[in-house]
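As structure tokens, the structure follows; a few thoughts come after it.
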Amino acid sequence: MAFITVTSPHTTQTGNHTGAFMRQVLYATVPGLAVLTWLFGFGTLINLLWAIPVALASEALVLKARGRDVRFFLADYSAVVTAVLLALAIPPTAPWWLTLVGVSFSIVVAKQIYGGLGMNPFNPAMVGYVLLLISFPVEMTRWIAPHEAPSLMESVQLFLGSTSADAFTGATPLDTFRTWAGDAEKLASQAILNGKLAGQGWDWVNLAFLVGGLYLVWRKIITWHIPVGVLAGLALTATPFWLYDPVRYGTPVFHLFSGAAMLGAFFIATDPVSAATSRLGRLIYGFLIGVLVWVIRSHGGYPDAMAFAVLLMNLSAPMIDYYTQPRTYGHKAAHRGASR
Amino acid sequence: MTEYVLILISAVLVNNFVLVQFLGLCPFMGVSNKVETAMGMSLATTFVLTLSSVLSYLTWQYILVPFSLEYLRTISFILVIAVAVQFTEMFVRKASPLLYRVLGVFLPLITSNCAVLGVALLNVRKEETTFLSSLTYGFGAALGFSLVLVLFAAMRERIAVADVPEAFRGPSIGLITAGLMSLAFMGFSGLIKL
């Protein structure tokens with residue numbers, strides 16, 4: 001009887017390669033994208049369609065310059081995922097050059113200079129986002145008031161920069177809460193804060209990303225540790241402060257369903273490259289992101305903080321890994337870090 | 001009490017000496033290749049920075065100001081720091097040879113750490129500096145320095161094995177990483193207004 005000898009790994013035929021995983025992430029963003037388009041018009045979609053070719057071109061350029069196999073690396077869809085996440089995060093009123101600067105910086109500096117996929121210590125999309133937020137604060141905070149979406153034509157004009165965005169913009173729930181925190185009457189009279197769950201419109205955006213995120217967990221693209229850590233960190237920090245002073249601090253539900261909470265918890269913080277790797281490490285990593293989001297939202301200079309929190313924990317992730325190395329089976333506690 | 005907590009948070013996070021004020025970059029780049037050495041450097045710097053912050057405050061308050069010699073502050077603070085470092089080295093050598101061996105060459109190196117002089121000079125520029133506030137400020141600056149140095153060292157150990165393009169290997173990618181860390185620390189701006 002002839003035996004077939006095949007060397008490991010034995011899973012080459014199942015299609016479990018990077019590209020397949022990344023495509024699942026892209027599918028999972030569809031509900032969030034749909035809700036963003038429904039509420040805020042076609043801006044996000046146009047940004048996204050522009051960001052993808054920019055990302056692919058930047059990636060191809062660097063790969064070409066380094067003499068790498070361009071087709072092979074482009075086929076792993078990681079650049080597309082970066083482009084999509086950044087396009088979802090920036091406002092729908094963004095002109096073309098904003099997306100261009102953000103996406104090319106994400107791909108070239110945050111990812112390719114470190115050696116490409118799997119080497120980058122920071123989440124590329126969030127590096128691009130923070131760069132834009134610091135360099136172009138006005139353009140980056142022009143969100144549209146929900147249900148006052150510009151038409152397709154107006155969105156195109158905004159994208160080309162040929163019309164002013166001032167006619168459509170409105171403060172987001174987080175901005176509004178930040179402005180009037182501590183003033184009970186003003187807070188009660190702000191229509192945008194009276195959504196079904198949290199801020200108007202934004203609760204739907206977050207629910208949609210929650211659905212997409214649960215799909216990712218169900219398909220085992222991500223583990224539950226980081227999202228649960230982020231949401232628990234955010235809610236557990238928000239609760240005691242809300243109980244202490246409900247006028248000054250938002251409710252836990254408000255925090256969970258505002259801004260980029262769900263997008264960040266399920267899609268951004270879970271980037272397997274820049275996050276902590278062990279289970280305990282992931283829980284700590286996620287929890288601290290949640291805490292930082294609350295701290296910067298409630299006390300910092302920026303109304304939303306997911307990007308900063310993710311970057312701050314990215315730079316702590318190697319240290320978290322250093323102290324949470326799991327025990328190898330059959331050995332006592334890990335030699336490095338944990339044993340001391 | 002709140003005042004001192006605010007000074008501490010401000011010095012550690014909001015106005016971090018390395019990532020926001022860009023002081024002490026030489027040891028930040030120089031001894032961040034391994035986590036263990038970074039930890040040794042952090043310990044030594046914490047001790048010296050706190051001590052020299054207090055000593056330079058005392059020099060300012062009881063020698064320079066009474067004699068109207070404020071314009072001599074830079075040179076006298078350098079002297080004070082050098083003396084503090086030297087005494088620390090001599091003391092540690094006798095009191096704990098083990099710690100002395102762990103810290104090794106880093107102790108005398110601290111003399112040239114611009115964060116130490118920076119803390120001393122910034123301290124006396126503020127109004128209403130007291131003994132306790134200069135102590136807290138020096139300790140906070142040292143904590144912030146240690147925090148980012150150790151985190152940076154852990155990151156660099158990982159980057160050292162990454163497939164970085166030839167032109168960017170070594171200090172170049174280190175500086176780019178430090179820049180991106182600084183970008184992340186911008187998130188703390190506005191957290192505390194001092």
Side-chain angles (χ1 to χ4, degrees), chain A residues 62-63 65-68 105 108-110 112-124 126-135 273-274 277 292-293 295-323 336-337 340, chain B residues 5-6 9-10 12-16 18-20 28 32-36 38-39 42 144 146-170 172-194:
Chain A
V62 180
L63 289 171
R66 293 193 68 190
R68 298 293 159 95
F105 188 82
V108 176
V109 177
Q112 285 297 337
I113 281 187
Y114 287 96
L117 181 68
M119 312 282 187
N120 47 302
F122 294 101
N123 185 320
M126 288 303 102
V127 170
Y129 183 87
V130 166
L131 175 92
L132 292 178
L133 187 60
I134 288 169
S135 313
V273 180
S274 54
T277 43
L292 280 172
V293 167
V295 168
I296 299 178
R297 269 185 186 176
S298 306
H299 295 282
Y302 296 95
D304 201 1
M306 195 44 93
F308 285 114
V310 167
L311 287 190
L312 285 167
M313 289 320 291
N314 281 166
L315 68 88
S316 318
M319 208 61 212
I320 296 177
D321 280 347
Y322 186 93
Y323 281 107
R336 204 181 158 195
R340 267 174 289 159
Chain B
V5 174
L6 288 182
I9 295 175
S10 159
V12 175
L13 298 177
V14 185
N15 297 313
N16 187 289
V18 180
L19 293 180
V20 181
F28 184 66
S32 53
N33 287 318
K34 279 187 71 80
V35 173
E36 281 81 8
M39 283 180 172
S42 311
S146 311
L147 177 76
V148 296
L149 179 64
V150 172
L151 292 179
F152 185 54
M155 288 189 82
R156 279 188 88 173
E157 282 193 4
R158 197 172 278 192
I159 293 168
V161 294
D163 177 27
V164 176
E166 195 105 21
F168 289 100
R169 295 226 173 114
S172 327
I173 196 75
L175 281 169
I176 292 173
T177 311
L180 294 181
M181 285 172 82
S182 179
L183 210 60
F185 263 69
M186 295 284 283
F188 288 122
S189 68
L191 206 59
I192 286 171
K193 286 161 196 79
L194 269 187

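In this text the structure is predicted, and so the values were computed from the model without any measurement. Note on naming: letters A, B, ... go to the chains in the order of the sequence lines (proteins, then strands), and numbering restarts at 1 for each one.
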Under 4.5 Å heavy-atom distance to chain B, tell me which part of [X] shows up: side chain, backbone, both or neither.
{"X": "Leu133(A)", "answer": "neither"}
{"X": "Val295(A)", "answer": "both"}
{"X": "Ile134(A)", "answer": "side chain"}

* Provide the closest heavy-atom pair for Met39(B) versus Tyr323(A) in the form atom of the first, atom of the second, distance. =>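 Shortest heavy-atom contact: CE-OH, 3.1 Å.
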* Heavy-atom pair of closest approach, residues Ile113(A) and Pro165(B) -> O-CD, 3.0 Å
Counting only heavy atoms closer than 4.5 Å, note whether [X] contacts chain A via side chain, backbone, both or neither.
{"X": "Ile159(B)", "answer": "side chain"}
{"X": "Phe152(B)", "answer": "neither"}
{"X": "Ser172(B)", "answer": "neither"}
{"X": "Val148(B)", "answer": "neither"}

* To do: Against chain A, work out which of Ala153(B), Ala162(B), Ala154(B) has the most heavy-atom pairs shorter than 4.5 Å and name it.
  =>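 If we count pairs closer than 4.5 Å to chain A, Ala154(B) comes out on top.
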Taking atom [atom1] of [X] and atom [atom2] of [Y], what is their separation to the nearest 0.5 Å?
{"X": "Leu19(B)", "Y": "Leu315(A)", "atom1": "CG", "atom2": "CG", "value": "8.0 Å"}
{"X": "Leu180(B)", "Y": "Phe105(A)", "atom1": "CG", "atom2": "CZ", "value": "5.5 Å"}
{"X": "Asn314(A)", "Y": "Leu151(B)", "atom1": "CG", "atom2": "CG", "value": "12.0 Å"}

* Close side-chain approach of Asp321(A) to Arg158(B), heavy-atom, < 4.5 Å -> yes
* To do: Could you tell me which residues in residues 304-312 of chain A have at least one non-hydrogen atom under 4.5 Å from a non-hydrogen atom of chain B, sorted by residue number?
  =>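 The residues closer than 4.5 Å to chain B, in numerical order, are Phe308(A), Leu311(A), Leu312(A).
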* Residues of residues 114-121 of chain A within contact distance of chain B, non-hydrogen under 4.5 Å ->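 From residues 114-121 of chain A, the residues near chain B are Tyr114(A), Gly115(A), Met119(A), Pro121(A).
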* Which residues share a ring-ring contact (aromatic ring centres under 6.0 Å, His included) with Tyr129(A), sequence neighbours left out -> none
* To do: Start with the C-alpha distance between Phe168(B) and Gln112(A), add both sets of side-chain angles, then the distance that settles side-chain contact (heavy atoms from CB on, under 4.5 Å), and finish with yes or no.
  => CA-CA 11 Å; Phe168(B) 289 100; Gln112(A) 285 297 337; over 6 Å; no
* **side-chain hydrogen bond (donor to acceptor under 3.5 Å, both in side chains) pairs, two or more places apart, involving residues 178-187 of chain B** => none
